[in-house]
Amino acid sequence: MLAIIGGSGLTRLSTLAIAHREVVRTPYGDPSSALLFGQIGGRDAVFLARHGHGHTIPPHRVNYRANIWALRNKGARAVLAVASVGGIRACDAGDLVLPHQLIDYTSGRQTTFFDSGEGAVVHVDFTHPYSPELRECCLDAARIAGIALRDGGVYGAVNGPRLETVAEIDRLERDGATMVGMTGMPEAALAREAGLAYAAICVVVNHAAGRGDSTHEVSMDGISQMLETAMDKVRTVLDHVVPRA
Ligand code: HPA
């Protein structure tokens with residue numbers, strides 16, 4: 001079963017025919033929201049709102065471990081994350097991008113399931129953080145839906161909740177990041193530890209600080225407007241991904 005983690009602007013999935021909702025408790029605390037189980041295009045799927053149904057949990061306070069544990073424990077085998085990002089290079093506001101790599105700049109988050117201090121030390125391979133199969137499935141779905149989805153990009157994960165300075169974005173760009181967001185890590189790494197295939201559809205909702213029309217500041221009104229229109233495209237892609245996943 002495919003799990004969809006919705007980010008800002010995607011706290012519900014109108015096309016999910018909800019069969020039941022479940023509040024899950026985990027050894028790591030409470031997930032961000034109840035899990036919504038249902039079907040899209042006749043296939044089972046489960047949806048989780050990363051920031052809570054009322055969008056009240058900021059990126060640095062999301063309980064990523066509880067979210068991934070709950071989804072895995074309730075039968076998910078793959079996770080498709082939806083996340084908004086600022087565009088640094090090779091993308092424009094309104095674009096949908098499917099990153100192929102990431103760089104983690106976050107700190108102070110619970111980043112692993114393997115920290116009990118008991119048993120052998122575990123290291124997981126993370127050479128390619130996003131599942132090639134799930135990425136391919138997203139690209140096929142977007143093609144069939146007639147929605148442009150850019151293949152490839154490097155996601156720079158930052159703590160937030162504040163946005164970046166121009167110098168910080170310059171550094172990310174020098175490092176090779178093409179987009180910046182606040183939730184991509186440790187979500188992707190925890191999914192890998194849990195044995196779940198993981199991919200992310202990133203919605204570019206603004207130019208990152210100092211880029212394009214964000215030369216002087218990043219407009220919050222612009223972000224809200226962009227979120228609304230872009231999420232319609234995301235929903236259409238998801239309708240086609242679920243039956244293929
Ligand atoms: N920076 C970090 N995270 C973001 C941005 C940004 O400009 N836009 C949306 N999420």
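We're numbering straight along the sequence, starting at 1. As the structure lists them, so they are numbered: ligands from 1, and atoms in each ligand from 1.
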Next item on the list: Go through the structure and list residues passing salt bridge (charged side-chain N to carboxylate O under 4.0 Å, His left out) with Asp170, not counting sequence neighbours.
Entry: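 In terms of salt bridge (charged side-chain N to carboxylate O under 4.0 Å, His left out), with neighbours along the sequence ignored, Asp170 is linked to Arg211.
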Electrostatic pair [X]:[Y] at N-O distance under 4.0 angstrom:
X	Y	result
Arg192	Glu187	no
Asp115	Arg65	yes
Arg244	Asp140	no

Note to self: Please output the residues near ligand 1 using a strict heavy-atom distance under 4.0 Å, listed in chain and residue-number order.
What the structure shows: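 For ligand 1, the residues that come within the 4.0 Å heavy-atom cutoff are Ser84, Val85, Gly86, Leu163, Glu164, Val180, Gly181, Met182, Val205, Asn206.
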Check: Any luck finding a side-chain donor-acceptor pair between Asp175 and Tyr105 under 3.5 Å?
Finding: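 Side chains of Asp175 and Tyr105: pair found under 3.5 Å.
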Margin query: Would a single hydrophobic cluster contain both Val79 and Leu102, if residues Ile, Leu, Val, Met, Phe, Trp and Tyr are joined by side-chain heavy-atom contacts under 4.5 Å?
Written below: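 Leu102 and Val79: one cluster.
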